[in-house]
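Residue numbering restarts at 1 for every chain, and letters A, B, ... go by the order of the sequence lines.
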Amino acid sequence: MSRISTVFERLRAAERKALIPYVTAGDPDIGSSLDILHAMVSSGADILEIGVPFSDPIADGPVIQRAGERALKNGVGLVDVLSLVRSFRLTNSETAVVLMGYANPIEAMGRERFIAAAAQAGVDGLIVVDYPPEESAEFAAAVRAAGLDLIFLLAPTSTRARIEQVARLASGYIYYVSLAGVTGAGHLDLADVLSHLEVIREFTTIPVGVGFGIRDGATARAICSIADAAIIGSRIIQEVEADPAHAAARVGHFLADVRAAMDAVVTTAP
Amino acid sequence: MNDRPATYDLPDARGHFGPYGGIFVAETLVHALDELAMAYARYRTDPEFVAELKDEFAHFVGRPSPIYHARRWSEVLGGAQIYFKREDLNHTGAHKINNTIGQAMLARRMGKPRVIAETGAGQHGVATATVAARYGMSCVVYMGSEDIKRQASNVYRMKLLGATVSPVESGSRTLKDALNEAMRDWATNVADTFYIIGTVAGPHPYPMMVRDFQAIIGQECIEQMPQMVGRQPDYVVACVGGGSNAMGIFHPYIPFPDVQLVGVEAAGEGIDTGRHSASLSAGTPGVLHGNRTYLLQNSDGQIIETHSISAGLDYPGVGPEHAWLKDSARASYESATDSEALEAFHTCCRLEGIIPALESSHALAYAARLARDLPRDKVILVNLSGRGDKDMPTVAERSGMVV
């Protein structure tokens with residue numbers, strides 16, 4: 001069983017939901033990124049999404065784009081992100097790690113070479129934002145063969161046919177983008193999210209995490225009343241931006257509050 | 001290289017030109033692209049749509065654009081005869097309007113009252129603002145703040161036409177960043193918004209759709225050249241940034257094996273200086289802006305900043321069909337530097353009484369180089385894709401003047 005599945009099993013047994021924070025590697029610098037990852041774990045993160053900087057992040061909003069620009073200014077690329085994961089794994093073998101990024105840096109390294117390096121570094125899952133299912137059948141097979149999960153995004157605009165297609169290829173968890181648009185935008189409509197989660201669950205039993213628009217304990221708690229995981233991105237980058245010198249402490253403090261709010265949920269067994 | 005297929009029918013249903021093209025976008029855009037592909041499939045052959053487009057081309061754009069024999073320049077070069085396809089004479093001064101008319105007509109049929117666009121030189125932004133005014137649509141044009149400085153008069157034209165010009169401050173603040181921003185807008189506002197992409201790049205169906213609307217250029221040439229010179233040209237030459245004017249004139253000529261197709265990229269300060277925009281000549285395949293194509297990128301797969309004296313060629317990718325035409329050897333790709341383009345610009349002004357766009361001047365520079373070494377009975381057809389009025393400040397600055 002993959003580390004991601006193990007994490008969800010453990011949580012299910014404990015009647016808790018998964019907290020999945022996102023941080024861009026190399027922002028404010030690669031050393032701080034390692035501290036941030038450990039701080040997130042201490043504050044109750046179950047799975048870490050690590051953003052791979054890319055020069056043209058078309059699916060991200062301004063907050064995550066700025067983080068990527070700062071990381072690129074520091075010269076942080078895919079190779080550095082893999083070493084970051086290796087460093088993290090020196091002292092942590094339980095928390096699942098997912099790399100999230102765009103296709104081009106992966107293709108520049110070579111897909112096979114990247115997958116092997118990611119597995120060897122201790123990565124558990126991949127989200128390649130601009131690899132939709134039609135373009136990633138071969139990639140998905142290679143990822144699975146290496147024992148990694150390939151995580152796909154679904155959106156409010158995804159049709160039933162599309163959800164079925166994604167459900168066939170996806171493993172680990174499904175990342176439901178709760179809003180149309182880019183990361184860090186807008187507000188959350190819980191009833192609308194719920195209706196979409198119900199459709200997704202017709203086609204798959206793997207956990208569904210919800211991201212885009214979760215900004216505090218209250219929104220995370222609300223999401224966790226209907227989803228398997230709360231995914232938080234832009235809001236964490238804002239903590240990093242607000243005080244780069246103390247980024248790890250700020251992120252840790254913020255997430256601890258979110259965790260506490262989430263655990264206040266009374267989960268009912270299905 | 002590969003033998004050419006007898007019939008050319010690319011792309012496939014998912015937008016592939018061999019290994020290039022495709023749909024590489026986040027899930028949030030998939031439905032919008034499906035909806036667009038379905039609408040385009042429905043209307044591209046719809047008699048009422050085709051008739052309206054033809055009418056708009058004739059009465060609003062001013063088509064067909066003439067072909068002009070550059071006699072004096074050909075004489076001075078002493079070799080092949082150079083002809084210009086006069087896309088500079090279109091309404092708004094460039095080929096861009098051919099495509100924006102088509103997409104705006106599609107937007108109306110899809111019930112989208114708001115159009116958005118990205119622009120580099122501002123020509124596509126002006127062409128989009130123009131059709132938005134023509135059809136009473138609201139219009140937002142994304143433009144890199146660097147380009148806004150370089151192309152002030154086009155910014156003013158867009159505003160006169162009622163468009164909002166939204167400056168883009170991210171990345172290199174040029175065309176690619178404007179494209180990123182427009183994609184984000186579209187993902188957020190897809191319910192009421194149509195994204196008019198200006199070149200043959202982006203995810204399927206854009207490369208195909210933009211090519212089809214621009215193909216009127218080559219279709220007219222195929223009719224006009226026999227009337228002008230009694231036959232088709234030996235060479236068709238066009239500048240390539242994203243590559244829409246080149247695809248427009250190349251595509252109808254693909255089945256003519258005796259016609260050589262030559263795209264001319266911007267070599268900037270020289271390919272070996274690294275300051276250029278020649279993706280096909282100096283790039284490697286990768287994924288950007290929704291499709292797989294040749295890109296200017298570093299070893300980490302980050303897109304690198306490009307340079308060209310002409311904002312319209314300053315793009316690190318290129319349309320995927322050009323990538324395919326290059327690999328299959330049906331077209332060849334050359335380059336011209338900033339200085340060569342400027343020299344051709346001045347020569348064209350003085351010898352022919354035509355002020356060409358700096359973009360088109362790259363094609364002219366290569367055509368002049370080519371013509372010199374060819375016999376006098378050879379025929380080179382250059383796509384003069386736009387007029388140079390917008391480039392006055394850039395050219396004047398190079399000559400140490402201010403206009």
Check whether B:Thr284 gets within reach of chain A through its side chain, its backbone, both or neither, counting any heavy atom under 4.5 Å. neither
Report the option among A:Leu78, A:Val79, A:Thr159, A:Leu154 that has the most heavy-atom pairs separated by less than 4.5 Å from atoms of chain B. A:Leu154
Can you tell me which portion of A:Arg162 sits under 4.5 Å from chain B's heavy atoms? Options are side chain, backbone, both or neither. side chain
Any donor-acceptor pair under 3.5 Å linking the side-chain atoms of B:Thr174 with those of B:Glu146? no
Is B:Leu288 in contact with chain A via its backbone, its side chain, both, or neither, using a 4.5 Å heavy-atom distance? side chain
If you count heavy-atom pairs within less than 4.5 Å of chain B, which of A:Pro57, A:Ala108, A:Ser55, A:Pro133 leads? A:Ser55
Residue A:Ser158 versus chain B: region with a heavy atom under 4.5 Å: both
B:Val30 portion near chain A, given a 4.5 angstrom heavy-atom threshold: side chain
Taking atom OG of B:Ser277 and atom CD of B:Glu305, what is their separation to the nearest 0.5 Å? 11.0 Å
What class does the angle between the rings of B:Tyr333 and B:His322 fall in, given that below 30° is parallel, 30 to 60° is tilted and above 60° is perpendicular? perpendicular
Could you check whether A:Tyr173 and A:Ser171, counting side-chain N and O atoms only, form a donor-acceptor pair closer than 3.5 Å? no
Identify which part of A:Ile106 has an atom lying under 4.5 Å from any heavy atom of chain B, answering side chain, backbone, both or neither. neither
With side chains defined as the heavy atoms from C-beta onward, is the minimum distance between B:Leu36 and B:Tyr206 less than 4.5 Å? yes
Centroid-centroid under 6.0 Å between A:Tyr102 and B:Phe24 rings: no
Using a 4.5 angstrom heavy-atom cutoff, name the option from A:Gly68, A:Pro132, A:Gly77, A:Ala103 with the most pairs to chain B. A:Pro132
Can you tell which of B:Ala182, B:Gly22, B:Ser172, B:Ser170 has the highest number of heavy-atom pairs within less than 4.5 Å of chain A? B:Ser170
B:Ile304 versus chain A, heavy atoms under 4.5 Å apart: side chain, backbone, both or neither? neither
No-hydrogen, no-angle side-chain donor-acceptor test under 3.5 Å, B:His289 and B:Tyr315: yes
Evaluate the side-chain proximity of A:Phe152 to A:Ser136: yes if any heavy-atom separation is below 4.5 Å, no if none is. yes
